[in-house]
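What you see is a predicted model, and the numbers here were worked out from it, not measured in a lab.
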Amino acid sequence: MIRAVKGTHDLLGTALAYHRTVVEATRRWAEAAGAEEIATPIFEHTEVFERGVGQTTDIVQKEMFSFTDRGGRSLTLRPEGTAGVVRAYLEHGMKVWPQPVRLWYAGPMFRAERPQKGRQRQFHQTGYEVIGAAEPEVDAEAVALSWRILESLGLRGLTLKLGSVGDPADRERYNAYLRERLEPHAERLSEDSRRRLQTNPMRILDSKAPPDRELLTELRVRPMLDFLGDAARQHFEAVQARLRALGVPFEVDPAIVRGLDYYVRSSWEIHHDRLGAQSALGGGGRYDGLSELLGGPPAPGVGWALGVERVALAMQAEGLSPVPAPGLDLYVVPLEPELVPRALEAAAAFWPELRAQYALKARKPGKGLQEAEKKGARYAALLGPDEAAAGKLTVKDLKTGEQRTLSPEEVKEWIRGGTA
RNA sequence: GUGAGCGUAGCUCAGCUGGUUAGAGCACCGGUCUGUGGAACCGGGGGUCGUGGGUUCAAGUCCCAUCGCUCACCCCA
């Protein structure tokens, strides 16, 4: 049997209902904030991510699904959404739109990791980007929006961790400090971290390897926050002040680093307390240099992404139900075999005002009602010789038991009136 | 990529220390039931026991390998 590829899943039933609930919540709140939806391709030229996300990141080094197309171009299934959105911003000259431009999106992302709870190879994110503004207000706006989306879904066990990774110059000073501090003890670091010492020392802070953690504690390595320049520090404080004013609870996490190189200044994650190892529901940050990394003019930006599957897991852990998919309005039951075609015609005549389906085999009335119930229909319509002759249907409300024999037009009126 | 746990019907599982033709519940199909449902009862379809090899008179059960799933490491949404 051919099965879905490792780390991918068919989405249906309850899982899809959770999925839609998260996407629709994002749509509602993002559009409330004035954002326009964008759908970028799920694959891009590999360099979009190599240059955008960063050569030294785990995502680029070991998690991308890349392939060569027939023309010899290197393409990559998007591992995240922001780089593609900024590429689109540049490609469509959105810098001439009224600034800043607010965009939101939802769609699949791909990372070649070993699957586990809350981690799949194809997963889904919703995201929000504000491009063309450097003010701390938009950082706070973005954080507050993602926080409120999660709250609106009913989630309680949320923690917002806010940090700052500073400006590039601050990071250079910090990286120099880290190298100087850690290099004498390099042999005690994990293999990955020894490599990071050369390529990107800050990423060592992200390591959870016990030897790395011990060494960092023992050396009393100072956090990035101590190295913020004046501009970044003022920005960070302003963001905190705006968040307090908006009533968004957060804790400052001096160690927050983020796995994507394009982040500067604000950087945050939202965690849930009952998710297991992969506890981040979402994260984001400011990426003022990204446009230039992609070959564009300076264009400051800030944004976030939520992991749809993880939010769904968190909702389930808290016993929260998704918005259910709408069921059938009407199930048409032919009472005689020769009336099956008439049942199709009757059901088809209700589309699309009513969700109507019909039985392919003649049923006795009792069986027909039972079947309608199993199909999840609110109403059953019996079509027997009498109804056929009169051009009517005997329609029964399966909840109340109320029954009427009506013309198709009257059926529409009754049901639409009843469900309005 | 590393480690651990688990693979019996569409789903949830039973199958004792290896011993007839591998079972149950749910679901599905049909009947009891020729114009009114949610019940009950009866019947039916559906399994190469993940796969391959080995031990044995005999393997769903023991051993090895392999594949898959899950969780964890790593990292992140």
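Nearest to the side chain of A:E63, among B:rC75, B:rC73, B:rG38, sits B:rC75. Counting only heavy atoms from C-beta on, A:R111 has its side chain closest to B:rC76 among B:rC71, B:rC76, B:rU36. With B:rC69, B:rG35, B:rU36 as the candidates, the nucleotide lying closest to the side chain of A:L369 is B:rU36. Side chain of A:K117, nearest nucleotide from B:rA77, B:rG68, B:rA72: B:rA72. Closest contact between the side chain of A:R3 and the listed nucleotides B:rC69, B:rG35, B:rC76 involves B:rC69.
Among the protein residues, A:Q403 comes within range of the nucleic acid bases, having at least one heavy atom under 4.0 Å from a base atom. Note on A:L382: a base of the nucleic acid sits closer than 4.0 angstrom, heavy atoms only. Backbone-only engagement by A:H9 is indicated by non-hydrogen atom pairs under 4.0 Å involving sugar-phosphate atoms exclusively. Contact annotation for A:P385: base contact, defined as any heavy-atom pair under 4.0 Å involving a base atom. Across all strands, A:G118 comes closer than 4.0 Å to base atoms (heavy-atom distances). Among the atoms of the strands shown, base atoms are found under 4.0 Å from some heavy atom of A:E387. Among the atoms of the strands shown, only primed sugar atoms or phosphate atoms (P, OP1, OP2) are found under 4.0 Å from some heavy atom of A:G366.
Following rounding to the nearest Å, A:I270 (CD1) and B:rA77 (P) show an atom-to-atom distance of 12 Å. Rounded to whole Å, the distance from CG on A:D212 to C1' on B:rC74 is 11 Å. The CD-P distance, from A:Q120 to B:rC69, rounds to 12 Å in whole Å. To the nearest angstrom, P of B:rC76 lies 11 Å from OH of A:Y263. The CG atom of A:L335 sits 12 Å away from the P atom of B:rU34 (whole-angstrom rounding). For the pair A:H271 NE2 and B:rC75 P, the interatomic distance rounds to 14 Å; values are reported in whole Å. Atoms CG (A:L383) and P (B:rU36) sit 17 Å apart, rounded to a whole Å.
Taking the six-membered ring wherever Trp is involved, the centroid distance between the rings of A:Y379 and A:Y331 does not fall below 6.0 Å. For A:W104 and A:Y128, the gap between ring centers reaches or exceeds 6.0 Å.
Put simply, the side chain of A:H235 reaches to within 4.5 Å of the side chain of A:P136, judged on heavy atoms. In this structure the side chain of A:K117 never reaches within 4.5 angstrom of the side chain of A:Q278, judged on heavy atoms. Looking only at side-chain heavy atoms (C-beta outward), A:R111 and A:Q120 stay at 4.5 Å or farther from each other.
Neither OP1 nor OP2 of B:rU36 sits under 4.0 Å from any side-chain N or O of A:Q370. For A:K364, a side-chain nitrogen or oxygen approaches OP1 or OP2 of B:rU34 to under 4.0 Å. In this model, the phosphate group of B:rA72 is approached by a side-chain N or O of A:Q116 to a distance below 4.0 Å at OP1 or OP2.
Taking the nucleotide of RNA chain B with the nearest heavy atom to each of A:P115 and A:S279, the more 5' of the two is matched to A:P115. Both A:G7 and A:A280 lie near RNA chain B, and the one whose nearest nucleotide falls closer to the 5' end is A:G7.
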Per-nucleotide protein contact string for nucleotides 1-8 of chain B (B base, S sugar-phosphate only, - none; heavy atom under 4.0 Å): BBB-----
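Taking atom P in both B:rU2 and B:rU61, one finds a spacing of 28 Å when rounded to whole Å. Separation of the C1' atoms belonging to B:rC49 and B:rA22 is 8 Å when rounded to the nearest angstrom. The same atom, P, is picked in B:rA39 and in B:rA77; the two are 48 Å apart, to the nearest Å. Comparing B:rA58 with B:rC71, their P atoms sit 40 Å apart, to the nearest whole Å. Between the C1' atoms of B:rC26 and B:rG45, the separation comes to 16 Å (whole Å). Taking the P atom of each, B:rA59 and B:rC13 are spaced 28 Å apart, rounded to whole Å. Annotation: B:rU55 and B:rC62 have their C1' atoms spaced 8 Å apart (nearest Å). Rounded to a whole angstrom, the distance from the C1' atom of B:rA72 to that of B:rC28 is 38 Å.
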Sub-3.5 Å pairs of nitrogen or oxygen atoms, protein against nucleotides 25-30 of chain B:
residue, atom, partner, partner atom, Å
B:rG30, OP1, A:R363, NH1, 3.1
B:rG30, OP1, A:R363, NH2, 3.3

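Within the structure, the side-chain hydrogen bond (donor to acceptor under 3.5 Å, both in side chains) test picks out the following pairs touching residues 158-167 of chain A (sequence neighbours left out): A:D167-A:R265.
The OH atom of A:Y287 sits 5.5 Å away from atom OG1 of A:T82, with the distance rounded to the nearest 0.5 Å.
If you check B:rG60 for Watson-Crick or wobble pairing at under 3.5 angstrom, you find it has no partner at all. In this entry B:rA77 has no Watson-Crick or G-U wobble partner, no candidate having both defining distances under 3.5 Å. Base pairing of B:rA39 is not made with any nucleotide, judged by Watson-Crick or G-U wobble geometry with both donor-acceptor distances under 3.5 Å. Partner assigned to B:rG47 is none, using Watson-Crick or G-U wobble distances below 3.5 angstrom. Base-pair partner of B:rU12: B:rA24 (Watson-Crick or G-U wobble, both distances under 3.5 Å). Nucleotide B:rU34: unpaired (no Watson-Crick or G-U wobble partner with both distances less than 3.5 Å). Partner assigned to B:rU55 is none, using Watson-Crick or G-U wobble distances below 3.5 angstrom. B:rG3 and B:rC71 make up a base pair, with Watson-Crick or G-U wobble contacts both under 3.5 Å.
Between A:E371 and A:K367, no side-chain nitrogen of the basic residue sits less than 4.0 Å from a carboxylate oxygen of the acidic one, so the salt-bridge criterion is not met.
Among residues two or more places apart in sequence or in another chain, the side chain to side chain contact (heavy atoms under 4.5 Å, CB included) test is passed with A:A381 by A:L330, A:V332, A:L393, A:V395. By the side-chain hydrogen bond (donor to acceptor under 3.5 Å, both in side chains) test, A:E80 is found to be paired with A:Y262, residues two or more places apart in sequence or in another chain being considered. Applying the ring-ring contact (aromatic ring centres under 6.0 Å, His included) rule to A:Y89 yields no partners; only residues at least two apart in sequence or on another chain are considered.
Judged purely by distance below 3.5 Å, without hydrogens or angles, the side chains of A:E318 and A:H272 pair a donor atom with an acceptor atom.
Ring geometry for A:F227 versus A:Y174: interplanar angle of 30 to 60°, hence tilted.
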